There are 2 protein chains.
Amino acid sequence: MQRPYQCGIDAAIDVIDGKWKVLVLWALDSGARRFGETKRLLPGISEKVLAQQLREMEADGIVHREVYDQVPPKVEYSLTERGRALNAALAPLNAWGKERIALLEAEAEETAAAAAAVAPAA
Amino acid sequence: MQRPYQCGIDAAIDVIDGKWKVLVLWALDSGARRFGETKRLLPGISEKVLAQQLREMEADGIVHREVYDQVPPKVEYSLTERGRALNAALAPLNAWGKERIALLEAEAEETAAAAAAVAPAA
DNA sequence: CGGCATCCGGGCCGATACTG
DNA sequence: CAGTATCGGCCCGGATGCCG
């Protein structure tokens, strides 16, 4: 995805592009989080990738990085005003996605029921 | 991005994941389009990728594929109800992205002005 | 016109190890 | 605690060529 963008969606996608960014957005939505704290909220993410994504989001102006000069080191990440706006803009998409999940689950149940009918005692 | 999803956003992202899907969505929003017609609306996309993305979107239930049995071949693609709903859910994100583009352009102008001040006649 | 098969290159992501 | 460095694999997407 290269700039300049062909439409606003591209510009937004570009910012949330990355396997974890949306999850990071949600993790930070409830308030400031420390690095390790955020990592714990995202099971499976590596430190390298989390740091990467946070840096990119900071560069994109949706995350604020606050460094406390102390030992042990402490760094807090929080959403900027624009980050919160982005999260709000994501809400309808979230609703749409939840509907899709519900549909997928319904289909899965049908499939399971059909399979059970074909081989009830296999 | 693997199922099951951790949140609705993931499920939605999964559907629009792919360099061109959002653009395809927009291209089809104004009505049914033929394959070549759609391709022309997306400068730079290859036929393989366009076909791929259309198939995936069809599998995800957001695009309808209508084949006319005639020569020369004619295939029309259109959005399903869910596809239109997805597009609607994307609108706030589009608005957010447009704001971001405006901000980026403003920054670019400042940079250009600063550069001009440093080397006015270079 | 519409679409598939094959090859290939780059980027993202993950695992591991190391540092202040 | 909060990163950085390096390596490797996988998948996406681009180019090309062929088929109904």
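Convention: sequence-line order gives letters A, B, ...; per-chain numbering from 1. Everything quoted here is computed from the prediction, not taken from an experiment.
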Could you list, one pair per line, each protein nitrogen or oxygen that sits under 3.5 Å from a nitrogen or oxygen of nucleotides 11-14 of chain D, together with the distance?
{"residue": "D:dG13", "atom": "OP1", "partner": "B:Lys19", "partner atom": "N", "Å": "2.5"}
{"residue": "D:dG13", "atom": "OP2", "partner": "B:Gln53", "partner atom": "NE2", "Å": "3.3"}
{"residue": "D:dG14", "atom": "OP1", "partner": "B:Lys19", "partner atom": "NZ", "Å": "3.2"}
{"residue": "D:dG14", "atom": "OP2", "partner": "B:Trp20", "partner atom": "NE1", "Å": "3.4"}
{"residue": "D:dG14", "atom": "N7", "partner": "B:Lys48", "partner atom": "NZ", "Å": "3.2"}
{"residue": "D:dG14", "atom": "O6", "partner": "B:Lys48", "partner atom": "NZ", "Å": "2.2"}

Taking the nucleotide of DNA chain C with the closest heavy atom to each, which residue, A:Pro73 or A:Glu56, is nearer the 5' end?
->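 Looking at the nearest nucleotide for each, A:Glu56 comes out on the 5' side.
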Could you check whether any side-chain heavy atom of [X] comes within less than 4.5 Å of a side-chain heavy atom of [Y], counting everything from C-beta outward?
X	Y	value
B:Tyr68	B:Glu76	yes
B:His64	B:Glu58	no
B:Leu28	B:Ser78	no

Whole angstrom value for the distance that separates [atom2] of [N] from [atom1] of [X]:
X	N	atom1	atom2	answer
B:Glu58	C:dG3	CD	C1'	13 Å
B:Leu50	D:dT16	CG	P	18 Å
A:Leu23	C:dC13	CG	P	12 Å
A:Leu54	D:dA2	CG	C1'	11 Å
B:Glu47	D:dC19	CD	P	16 Å

Assess whether side-chain contact (heavy atoms from CB on, under 4.5 Å) is satisfied between A:Val75 and A:Arg65, documenting all intermediate values.
-> CA-CA 7 Å; A:Val75 181; A:Arg65 183 167 181 266; 3.9 Å; yes
Do you see a donor-acceptor pair shorter than 3.5 Å between the side chains of B:Arg100 and A:Tyr5?
->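 Present: a donor and an acceptor within the cut-off.
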Check each residue of residues 29-43 of chain B for a non-hydrogen atom within less than 4.0 Å of any atom in DNA chain C, then write out the ones that pass by number, or none.
->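 Result for residues 29-43 of chain B: B:Arg34, B:Phe35, B:Gly36, sorted by number.
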Please report the closest heavy-atom contact between B:Thr38 and B:Arg33, naming both atoms and the distance.
->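 Nearest heavy atoms, B:Thr38 then B:Arg33: OG1-CB, 3.3 Å.
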Is any side-chain N or O of A:Tyr77 closer than 4.0 Å to OP1 or OP2 of D:dG3?
->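 Looking at the OP1 and OP2 atoms of D:dG3, one of them is under 4.0 Å from a side-chain N or O of A:Tyr77.
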Is the shortest side-chain N/O distance from B:Arg65 to OP1 or OP2 of C:dG2 below 4.0 Å?
->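 Checking C:dG2 against B:Arg65, no side-chain N or O comes under 4.0 Å of OP1 or OP2.
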Should B:Asp10 and A:Trp26 be marked as a side-chain contact (heavy atoms from CB on, under 4.5 Å) after you check the CA-CA gap, both sets of side-chain angles, and the distance that decides it?
-> CA-CA 11 Å; B:Asp10 279 0; A:Trp26 282 64; over 6 Å; no
Would B:Ile62 and B:Leu79 count as a side-chain contact (heavy atoms from CB on, under 4.5 Å) if you check the C-alpha gap in whole Å, the side-chain angles of each, and the deciding distance to 0.1 Å?
-> CA-CA 6 Å; B:Ile62 59 176; B:Leu79 294 187; 5.7 Å; no
Scan residues 41-57 of chain A for pairs that pass salt bridge (Lys or Arg N to Asp or Glu O under 4.0 Å), counting only residues two or more places apart or in two chains.
->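 Counting only pairs at least two positions apart or across chains, the salt bridge (Lys or Arg N to Asp or Glu O under 4.0 Å) contacts touching residues 41-57 of chain A are A:Lys21-A:Glu56.
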